[in-house]
Visitor: 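First the structure, which I've put down as structure tokens, then a few questions once you've had a look.
So you know, we letter chains A, B, ... as the sequences are listed, proteins then strands, and number each from 1.
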Number of protein chains: 2
Amino acid sequence: MQKNPVQCQFVVALDSIVGKWKPIILYHLLQGKTLRFNELRRLLPDITQRMLTLHLRELEEEEIIKRVIYPQIPPKVEYSITEYGMSLSPILETLHQWGVAHVERKQLKKANNEQIETD
Amino acid sequence: MQKNPVQCQFVVALDSIVGKWKPIILYHLLQGKTLRFNELRRLLPDITQRMLTLHLRELEEEEIIKRVIYPQIPPKVEYSITEYGMSLSPILETLHQWGVAHVERKQLKKANNEQIETD
DNA sequence: TGGTATAGTATTAAAAAAGGTACTGTAAAG
DNA sequence: CTTTACAGTACCTTTTTTAATACTATACCA
């Protein structure tokens, strides 16, 4: 993921939530549920263990999520959103809505083009 | 910039505004001004011509910005936000606010740590 | 005649991000 | 006795982004 020198507040904000998988991870955790490592893995079927670990660590580093280790075998580690992480909720929500509208707009456009071509 | 298959609305939305420079480009254009290529370049001193071109083309592709070419020499090309691009305004605004708060929080934390260390 | 401004493109190189595979230790289930 | 679940780590490769440099055409200015 891109890491920029702090030049701009946009960039600071985006660094925290961007990465191929972070928005999806946050989406699940923002539901308020506590999830174990493999539970998250099942929710994101295409992510590799390595990528999940890396992204979770970065989110933890920024205190957006909380990582709780239970010292037992087999291991148990739980992830949940922090109160601070909750402050991302409006951004993700707005972003999600825009994404939905953007996809609809594209499909509408595509449909229109096909209409014209087959006329 | 990362381009994902459409798996998730977050990703669709993020693809449109992420890229090392897109938020800053949009920030300037969302002021409503029309800017020429080199004017933008002067506003983003560290960007290379190539990167500016690439990002502008991507934003144009998504109809977030408009590119108007004046057939004259030396060349003149003007960039401005589209009406559709304006719909990104709330996202960028929320993002910016969060960025500001996030930086403040980090600095506060850093100050606290230094306080403890020197005690 | 030489230099400057404009909006780029082309090419190559470097850096960053993501992906793939194999491996770990241990308890419990079958 | 073998397999499975768990939560990773280590190592290496591939892909994607970004950067750096040189180059284009032509009108205008001195």
Side-chain angles (χ1 to χ4, degrees), chain A residues 1-8 10-12 14-25 28-29 34-62 65-80, chain B residues 1-8 10-12 14-25 28-29 34-62 65-80:
Chain A
M1 197 196 35
Q2 55 179 216
K3 283 289 173 194
N4 296 288
V6 179
Q7 336 145 305
C8 164
F10 287 123
V11 177
V12 176
L14 283 167
D15 272 355
S16 301
I17 57 168
V18 171
K20 188 162 177 180
W21 306 98
K22 279 188 197 170
I24 315 171
I25 292 170
H28 289 294
L29 291 177
T34 292
L35 296 169
R36 294 179 63 176
F37 186 83
N38 275 0
E39 286 178 316
L40 275 165
R41 204 141 81 97
R42 281 187 285 273
L43 289 170
L44 284 65
D46 292 337
I47 199 172
T48 59
Q49 259 179 319
R50 177 181 151 75
M51 283 297 109
L52 183 53
T53 303
L54 286 178
H55 280 112
L56 287 171
R57 289 295 146 82
E58 286 181 17
L59 289 168
E60 189 198 356
E61 180 77 17
E62 309 218 50
I65 65 172
K66 193 170 51 190
R67 179 166 173 262
V68 180
I69 306 162
Y70 295 84
Q72 60 186 48
I73 283 168
K76 178 178 174 184
V77 179
E78 284 184 345
Y79 293 91
S80 57
Chain B
M1 196 194 37
Q2 55 179 216
K3 284 286 172 194
N4 296 289
V6 179
Q7 335 145 305
C8 164
F10 287 123
V11 177
V12 175
L14 283 167
D15 273 354
S16 301
I17 56 167
V18 171
K20 187 162 178 182
W21 307 98
K22 279 190 197 170
I24 315 171
I25 292 170
H28 289 295
L29 291 176
T34 292
L35 296 169
R36 294 179 64 176
F37 186 83
N38 274 0
E39 285 179 317
L40 275 166
R41 203 142 80 98
R42 281 187 284 270
L43 289 170
L44 285 66
D46 292 337
I47 199 171
T48 59
Q49 258 178 321
R50 179 181 151 75
M51 283 300 107
L52 183 52
T53 302
L54 287 178
H55 282 112
L56 287 172
R57 290 295 146 81
E58 285 181 17
L59 290 169
E60 190 198 355
E61 181 76 16
E62 309 218 50
I65 65 172
K66 193 170 51 189
R67 178 165 174 262
V68 180
I69 306 163
Y70 295 84
Q72 60 185 52
I73 281 166
K76 178 177 174 184
V77 179
E78 284 185 346
Y79 294 91
S80 58

Visitor: Return the value, rounded to whole Å, for the distance between atom CD of B:Gln49 and atom P of D:dA19.
Guide: 14 Å

Visitor: Tell me whether the OP1 or OP2 atom of C:dA7 has a side-chain N or O from B:Arg41 closer than 4.0 Å.
Guide: no

Visitor: Select one nucleotide: of C:dT6, C:dT26, D:dA7, the one nearest the side-chain heavy atoms of B:Arg42.
Guide: C:dT6

Visitor: Could you work out which one of D:dA27, D:dA19, D:dA7 sits closest to the side chain of B:Thr48?
Guide: D:dA19

Visitor: Closer than 4.0 Å, any side-chain N/O of A:Lys20 to the OP1 or OP2 of D:dT16?
Guide: no

Visitor: List the steps and the verdict of side-chain contact (heavy atoms from CB on, under 4.5 Å) for A:Leu14 and B:Leu14.
Guide: CA-CA 9 Å; A:Leu14 283 167; B:Leu14 283 167; 4.2 Å; yes

Visitor: Between D:dG8, C:dA7, C:dA18, which one does the side chain of A:Arg50 approach most closely?
Guide: C:dA18

Visitor: Over how many whole Å does the gap from B:Ile69 atom CD1 to C:dT6 atom P extend?
Guide: 17 Å

Visitor: Working to the nearest 0.5 Å, report the span between CD of A:Glu62 and CG of A:Asp15.
Guide: 7.5 Å

Visitor: Compare side-chain N and O positions of B:Arg67 against OP1 and OP2 of C:dG8 and report whether any pair is under 4.0 Å apart.
Guide: yes

Visitor: What is the distance, rounded to the nearest whole Å, between atom NZ of A:Lys76 and atom C1' of D:dC6?
Guide: 12 Å

Visitor: Atom CG of B:Leu54 to atom P of C:dG8: distance rounded to whole Å?
Guide: 11 Å

Visitor: Which whole-number value in Å describes the distance from A:Leu44 CG to C:dA18 C1'?
Guide: 15 Å

Visitor: Determine: side-chain N/O of A:Arg57 to OP1/OP2 of D:dA7, distance under 4.0 Å, yes or no.
Guide: no

Visitor: With a non-hydrogen cut-off below 4.0 angstrom, is B:Tyr70 in contact with a base, only sugar-phosphate, or nothing?
Guide: nothing

Visitor: Mind calculating the distance between CD (A:Gln72) and C1' (C:dG25) to the nearest angstrom?
Guide: 15 Å

Visitor: Grab the CD1-P distance between A:Ile47 and C:dG19 for me, whole Å please.
Guide: 8 Å

Visitor: Between B:Phe37 and A:Pro74, name the one whose nearest nucleotide on DNA chain C is closer to the 5' end.
Guide: B:Phe37

Visitor: Under a 4.5 Å cut-off applied to non-hydrogen side-chain atoms, are A:Leu56 and A:Phe37 in contact?
Guide: yes

Visitor: Rounding to an integer number of Å, can you tell me how far A:Leu35 CG sits from D:dG8 C1'?
Guide: 17 Å

Visitor: The side chain of A:Thr53 lies closest to which of these nucleotides: C:dT6, D:dA7, D:dT9?
Guide: D:dT9

Visitor: In Å, rounded to the nearest 0.5 Å, how long is the span from CD1 of A:Ile25 to CD1 of A:Ile47?
Guide: 5.0 Å

Visitor: Starting at CG of A:Leu59, measure out to NE2 of A:His55 and round the result to the nearest 0.5 Å.
Guide: 8.0 Å

Visitor: Considering heavy-atom distances to DNA chain D, does A:Pro75 or B:Met51 have its closest nucleotide positioned more toward the 5' end?
Guide: A:Pro75

